[in-house]
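These figures come from a predicted structure and were not determined experimentally. FYI, side chains are in, hydrogens and waters are out, and symmetry mates aren't considered; it's all heavy atoms of this structure. Sequential numbering from 1 along the given sequence is applied to the chain's residues.
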Amino acid sequence: MDLYETRARYFLVGSNLAKTKHRVLKIDRTEPRDLVIIDDKHVYNQQDVQELLGRLDQGNRTKIGQKGSSGLSRAVTAFGIVGFVRFLEGYYMVLITKHRKMADIGGHSIYKIEDTTMIYIPNDSVRVTHPDEARYVRIFQSVDLSSNFYFSYSYDLSHSLQYNLTLLQRPFELWSSSAAAPSAEEEVHTASKHDSFDIFEDEGLPTQVVHGLQNEPYYKYVWNGKLLERVKDIVHHDWLTYIIYGFCGQSKLLIFGRPVLITLIARRSSKFAGTRFLKRGANCEGDVANEVETEQIIHDASVMSFTAGSYSSYVQVRGSVPLYWSQDISTMMPKPPIRLDQADPYAHVAALHFDQMLQRFGSPIIILNLVKKREKRKHEKILSEELYPAVTNLNQFLPPEHCIDYIAWDMARYTKRLARLLNLVKMITRVVNHPLKYRLVLNLDIKLYVLYLGGHITFNGRVQTGVLRTNCVDCLDRTNTAQFMVGKCALAYQLYALGMIDKPKLQFDTDCVRLFEELYEDHGDTLSLQYGGSQLVHRVKTYRKIAPWTQHSKDIMQTLSRYYSNAFSDADRQDAINLFLQVFQPSESKPHLWELPTDFYLHQKNTMALPQERRSYTLWWTSGVLTYLPVPYDEVPCEETMKTVKVRRVNRFNEEIDTYTEFFRPFELTSFDETFCIAMTNSAWVFMPKTVGVDPSPFTVRKPDETGKSVLGSKSSKEETVLQRKTAASAPPPPSEEAISSSSEDDSEEDRDDDGSVSQRSTPIKLLTDSGESNRIHEPQQQTTKDPYGCNLAQLPAEEDLYIYKRQDKLASSSSSSSRAPVSIFSEDSVYAVSPPQSSADTHEALESHVLTGQGQARVLCREDVLMYREYVKNRYM
């Protein structure tokens, strides 16, 4: 989109990717404090919008026919609207000026915001200045929108993949009433002949119109919902760009050349949002601090479509303990004491929180509490002593099959000793693999071997019911490691369901798990920076006791960085978050944001007024939720949830529903090296060793130093990387499965401790010569020809190879042009030129007809064509 300005108005011209359809938004600049926006409902083509801009340019000149200073000037080029915000003067408009593609799901692109601009709307002649306006602008801009904010033009990031696909799979009868009476905004675009060309129009048959669904986002995970609140009912929905805050990463797992994309999306809640020590526990509405929904999506990249492809998704949640508790940071201690701020004997705030989870995820809800159980001085144990009675109180009113499962496990104590480390894997594996507790969505045909996974079975696959909720005190280091372990177990089942592996088990130190671990490391670092002010202090390798000694110094630096951020910069970050989310709205009649002693009452709105209706302590869930359990209430096609979905009628050839145009961009000049599919992390390029003879399977256990990163080392030149890939590509095929012995057990720690039980698949597979192993040990200077050349030159070649060699030698000896016999049917055929093939007149006529038909200019049908067409329609539709 392009922003044009005059003295009286801003004109925001938006277009589709191919620049064939345009919309215009008019913003008034003469109002000093109010926001006046006019949405032109007309859809322009390229020529019409150029004529419109030309007329605006001529009409806004100071004198008729004047040249030089233009009456209409382009201000900025943007890719989306973040929102509109007002402090003490007029309104500002926040636009996305740079973006970068981060992931692709079913042909829908997900972008990360790289840069934004903030434009003041009123003209300088009507501007009413205020001395504190500049300070509010600085606080608002301290929220770095170029850091981990994501959006998509065609995919709803606020909902999970399961919700988006479930919405599309609802029966058409549910939408028939809405589709029968289309609104004024529902268009069937017929701008060009290509869009309106329909062979069935003249025969009286219905045109090719499909119905698309437009649903409301889940505003809990939308961070610019308040900024778009003033305009969402005024402008067309295509102008609204909803952004999420969190993490998005995608990597490619190559399984013998078959691409499988692993996507990790983390959505941070915009309710009760803030920094580490300033936002703890829950507010009076049941929203908890540091609540993040993490979704891992696995799909076969060889098929892009949602309808024909194979997709699998798994969702888990982290969040603070849902109680009224906080920590006093005025004492300047690394670990301030935990205090319970308010007594809640009936678990009212916990009931509100778990009621939200039942509506979104269904049942059962599994709580994995990782706080410490044994402490010399009671600190973290205070939270467990309050949370367990609260869950017990809520469960006594729920049906037994839908009760909340509570699992308390002191993760820090179990990881202190290496002998107890195996319990980490076994414990989390037991949680995930527990019958009727593990819920996995598999949107493909599923056979009987996964019936024990639980969940809800539909016609299109198995959907996830319930969720695993993990928490510690900060929900950072321990929580990220536990979520990685759960995600690793879920990844095994997802790959197993997609038919990629024969058993639902994955071992550590494989290319697949290393790629997944790197994704989760980036995921944990990003979430830790957002909430705690530093990266992860304890990582997965730290808890596995395999971290290098240099990691300890890095952990100390991260601890100091986190302490400094919590002590000195968290208060300013909290003010910026409150202002960006419009939790605090400036006004001349109330104190300024920096004058408030606390923001407690901003996030606890119910404490400022007496409640009109008190919720029941026994029937603590929302009406109708228990009726559909274990299926989530939000995914049930009932009357209440159908109100959030609108039906649109669009032409089947419309670009809005054409994922091919968005993904491949045939209207742009692109190169393969710059495409997102080539640039993303690849298991074969990054993690697989580049030595000759290595098993290319991403599920092969390798030594810690046998990765593509360690082989490449500090050499990062493009030529060396290409050489490594060519060397790996020229490797011989892997040996048969009988020659490979590996354990399929998940606890590979025990195998790694015993040198005698190391699997053969943990080292590169090399074939020895007849001289034996002992000769190679005593004479290390003698190198076999197998290593450098990939084959044994000591053996005589086969007779077939000799025959091919002699034939090539004979051709080379008679390579002179005079004696060479023609080998091609073309008169001129060489590496420099080739004569074009001759085609008949019928072929030319068929090609011209095909081209004209594609342009909407069909040739005149002859009598035989008309008879054939009528016979086809008669047999097909009558």
Donor-acceptor pair between Ser312 and His299 side chains, under 3.5 angstrom: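 The criterion, which ignores hydrogens and geometry beyond distance, is not satisfied for His299 and Ser312.
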Does the side chain of [X] reach to within under 4.5 Å of the side chain of [Y], using non-hydrogen atoms?
X	Y	answer
Gln464	Tyr314	yes
Leu52	Phe11	no
Leu95	Ile81	yes
Lys98	Ile113	no
Val85	Tyr91	no

Lys/Arg-Asp/Glu bridge criterion (N-O < 4.0 Å) met for Lys271, Glu291: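 Salt bridge flag = no for Glu291 with Lys271.
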Under-4.0 Å salt bridge between Lys21 and Asp238: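 Between Asp238 and Lys21 there is no salt bridge, as every charged N stays at least 4.0 Å from the carboxylate O atoms.
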Judged by atom type as modelled, is there a donor-acceptor pair below 3.5 Å linking the side chain of [X] to the main-chain atoms of [Y]?
X	Y	value
Glu89	Arg86	no
Arg573	Gly274	no
Asp156	Pro217	no

Is the distance from the ring center of [X] to that of [Y] below 6.0 Å?
X	Y	value
Tyr153	Phe151	yes
Tyr10	Tyr4	no
Phe306	His108	yes

Residue among Tyr136, Phe140, Phe87, Tyr245 satisfying ring-ring contact (aromatic ring centres under 6.0 Å, His included) with Phe580: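 When ring-ring contact (aromatic ring centres under 6.0 Å, His included) is applied between Phe580 and each of Tyr136, Phe140, Phe87, Tyr245, only Phe140 qualifies.
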